[in-house]
Asks: 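Sending over a structure as structure tokens; questions will come in a sec.
These figures come from a predicted structure and were not determined experimentally.
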Amino acid sequence: MALPLGLASLLVLLTFASCEDAPLAEDKTSPVVNMKLDPRKKVLTWNSRGNVMEQECTLDTPPAFSTRQHPQVTGDNTYFCRFPNAVLHRGATLTVEGTAEGSPFQSVLEFHNSGREGSGAVNFSCLIYNLHLMRCNWTPGPAAPTDVQYQLYGWTSRHEDVVECPRYTADSSGTRVGCRFDELVGSQLTDTYFFLVNGTSVETPIQFTDFAPVKGIQIEKFDPPANLTVRDNGSHHVIHWDNPTLRFEVSSNVLFYELDIQRLPDQDVSGLPVALLGMVVGVAALVITVLMFLCTRFSLIHKLLPPVPQAKREVVGAGVAFLEVAWDRDSRRPSVQEAEDVLSVEEVQPSASGPGDPVGPASPQLLSPEEHRS
């Protein structure tokens, strides 16, 4: 019974020793400790124990970005690698590999953007205008909670302190969706801007959103040209302007201009523009066309101009005209059948008696009713 107990004790001691030697063996294989990533500065740092040689760091980010570089070391034996162009909000895999005591080693750090998937800001963009102003805008993530609130941070170099947005703009629900910087720092052609937007919520953690660095000249909207003048020398026009004021000095071949010259429409004799006259003619033609269609379709002419009623022949008789005569009240009205005396005057030709005889009209004669009717 004592032999089995002694054998069991020996096995326990060996197992304990192997458990203690495992970390030592792992440290000997990978001397990297304190491996950390600063997502704002995009700097990977670590410390190495023992004699390390030929170290190299690698960054891989989805969907297919990969970069590799040799680290630098500080006085306190801290190694670091910078990845200024990396975008980390989709996650990253960082690897440090090298040789220690003649044996290769490799250490891996998996970086994850903590927070609800799809809660970070999207559609981010910035614009520099009026020389010293910059405006940035973004949209809340599709999975962001209703109480989300975003903060924007920016900087122009890795040595500069982070500056939070001094003036936010919000939508109708009060969520921050923009920022305005009233005074930009620096005014060099090589200005580089870094941005990061994170968020807070009572409901859930919010993912941050970072971006690749952007040069100021790529997002700057220049002012229009100054002192624009047009001169007519009789044969052609000469247009002249000065370059707009810029935040930095550039050569003349950097700026490109495009002219858009528009001629005002001519006017007719009455002073109305040709376009207005054409519109009036078009409206008139349209009205006439509609009226013609209605006249053809519904016989509008007969409705607008009905025929004048004609007098019936039974009322007016056969069209015999009544004679008009005057009579006294006390006398009987003459009948149309009664004959009336008609005085006829005839011209009498002069006789051949002689030039001294007087010539005058013939004496009036009375005609009988029978002669009058004939």
Asks: Should the heavy atoms of other residues, nucleotides or ligands under 6.0 Å from CD of E164 be counted, would the total exceed 12?
Replies: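 Correct, the count exceeds 12.
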
Asks: Please determine if D182 and R167 form a salt bridge, counting it only when a charged side-chain N lies under 4.0 Å from a carboxylate O.
Replies: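 A salt bridge links D182 with R167.
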
Asks: Under the side-chain contact (heavy atoms from CB on, under 4.5 Å) criterion, do F194 and V214 qualify, and how do the steps go?
Replies: CA-CA 7 Å; F194 299 84; V214 58; over 6 Å; no

Asks: For the OG1 atom of T200 and the CD1 atom of I206, what is their distance to the nearest 0.5 Å?
Replies: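 Result: 7.5 Å between the selected atoms.
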
Asks: Indicate yes or no: does R68 engage E97 in a salt bridge with an N to O separation below 4.0 Å.
Replies: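 A salt bridge links R68 with E97.
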
Asks: If you define the side chain from C-beta out and look only at heavy atoms, does anything of R40 sit under 4.5 Å from Y153?
Replies: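 SC-SC contact between R40 and Y153 ruled out.
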
Asks: Under 2.5 Å between the sulfurs of C179 and C165, yes or no?
Replies: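 Yes, because the SG atoms of C179 and C165 sit under 2.5 Å apart, which meets the disulfide cut-off.
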
Asks: Flag the pair V283 / V280 as yes when at least one side-chain heavy-atom distance between them is below 4.5 Å, and no otherwise.
Replies: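 Counting from C-beta outward, V283 and V280 never come under 4.5 Å.
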
Asks: Please lay out, stage by stage, how L131 and D223 fare under the test side-chain contact (heavy atoms from CB on, under 4.5 Å).
Replies: CA-CA 8 Å; L131 298 178; D223 291 340; 4.1 Å; yes

Asks: With a 4.5 Å heavy-atom cut-off, do S66 and T58 have their side chains touching?
Replies: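 Sidechains of T58 and S66: in contact.
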
Asks: Applying the side-chain contact (heavy atoms from CB on, under 4.5 Å) criterion to W155, which one of T192, V163, L196 satisfies it?
Replies: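 Running side-chain contact (heavy atoms from CB on, under 4.5 Å) over T192, V163, L196 with W155 returns exactly one hit, L196.
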
Asks: Quick one: pull up CZ in F65 and CG in D60 and give me the separation to the nearest 0.5 Å.
Replies: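 Between F65 CZ and D60 CG, I get 9.0 Å after rounding to 0.5 Å.
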
Asks: Got P225 and Y257 here, is their nearest side-chain heavy-atom distance under 4.5 Å?
Replies: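 The answer is yes; the side chains approach within 4.5 Å.
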
Asks: Side chains of N47 and T78: do they bring a donor and an acceptor to under 3.5 Å?
Replies: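 Side chains of N47 and T78: pair found under 3.5 Å.
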
Asks: Mind listing the closest non-hydrogen atom pair of P39 and L37 along with its distance?
Replies: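 Heavy atoms of P39 and L37 come nearest at CD-O, 3.3 Å.
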
Asks: Going by distance alone, is a donor N or O of one side chain under 3.5 Å from an acceptor N or O of the other, for S30 and S107?
Replies: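 There is such a pair between these side chains.
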
Asks: Could you check whether any side-chain heavy atom of E220 comes within less than 4.5 Å of a side-chain heavy atom of M134, counting everything from C-beta outward?
Replies: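 Not touching, per the 4.5 Å side-chain cut-off.
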
Asks: List the atom of S48, the atom of N77, and the distance in Å for their closest heavy-atom pair.
Replies: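 In terms of heavy atoms, the two residues are closest at O-ND2, 3.3 Å.
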
Asks: Would a 4.5 Å heavy-atom cut-off, applied to side chains only, mark E117 and Q207 as touching?
Replies: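 Of all side-chain heavy-atom pairs linking Q207 with E117, at least one is under 4.5 Å.
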
Asks: How far does CG of L94 sit from CG of L88, to the nearest 0.5 angstrom?
Replies: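 Result: 7.5 Å between the selected atoms.
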
Asks: Mind running side-chain contact (heavy atoms from CB on, under 4.5 Å) on R90 and T61 for me, showing each step along the way?
Replies: CA-CA 7 Å; R90 291 187 291 263; T61 58; 5.7 Å; no

Asks: Any side-chain heavy-atom pair from P71 and V96 closer than 4.5 angstrom?
Replies: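 No; the side chains remain at least 4.5 Å from each other.
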
Asks: Sort out for me which residue in F124, F211, Y150 forms a ring pair (Phe, Tyr, Trp, His ring centres under 6.0 Å) with F195.
Replies: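 The ring pair (Phe, Tyr, Trp, His ring centres under 6.0 Å) with F195 is passed solely by F124 among F124, F211, Y150.
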
Asks: Between T175 and V148, which heavy-atom pair has the shortest distance, and what is it?
Replies: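 So the two residues come closest at CG2-O, 3.7 Å.
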
Asks: Is Y168 close to R180 at the side-chain level, that is, under 4.5 Å between some pair of heavy atoms?
Replies: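 Not touching, per the 4.5 Å side-chain cut-off.
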
Asks: Is the ring pair W46/Y79 parallel, tilted or perpendicular, if the boundaries are 30 and 60 degrees?
Replies: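 It falls in the parallel class, under 30°.
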
Asks: In sequence, state the C-alpha distance, the side-chain angles, and the governing distance for D260 and Q262, and then conclude on side-chain contact (heavy atoms from CB on, under 4.5 Å).
Replies: CA-CA 7 Å; D260 182 9; Q262 299 180 357; 3.6 Å; yes

Asks: Ignoring hydrogens and geometry beyond distance, is a side-chain donor-acceptor pair present between H89 and N113 at under 3.5 Å?
Replies: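 Looking only at side-chain atoms, N113 and H89 do not form any donor-acceptor pair under 3.5 Å.
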
Asks: What pair of heavy atoms forms the shortest contact from P244 to L255, and how long is it?
Replies: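 So the two residues come closest at CD-CD1, 4.2 Å.
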
Asks: Among the clusters formed by ILVMFWY side chains lying less than 4.5 Å apart, do L59 and F111 turn up in the same one?
Replies: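 Yes, it is one cluster - the side chains of L59 and F111 are joined through contacts under 4.5 Å.
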
Asks: Is R247 salt-bridged to D191, going by a charged N under 4.0 Å from an acidic O?
Replies: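 So R247 pairs with D191 through a salt bridge.
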
Asks: To the nearest 0.5 Å, tell me how far N198 CG sits from Q151 CD.
Replies: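 Interatomic distance, N198 CG to Q151 CD, rounded to 0.5 Å: 5.0 Å.
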
Asks: Which atom names give the shortest non-hydrogen contact between D210 and A86, and what distance separates them?
Replies: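 For D210 and A86, the tightest heavy-atom pair comes out as OD2-O, 4.1 Å.
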
Asks: Could you pull out the closest heavy-atom pair between F83 and C57, with the gap in Å?
Replies: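 Closest pair (atom of F83, atom of C57, distance): CZ-SG, 4.1 Å.
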
Asks: Tell me whether E110 at atom CD has more than 12 heavy atoms from other residues, nucleotides or ligands lying less than 6.0 Å away.
Replies: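 Atom CD in E110 is packed in, count exceeds 12.
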
Asks: Rounded to the nearest 0.5 Å, how far apart are CZ of F181 and SG of C136?
Replies: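 F181 atom CZ to C136 atom SG measures 5.5 Å (nearest 0.5 Å).
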
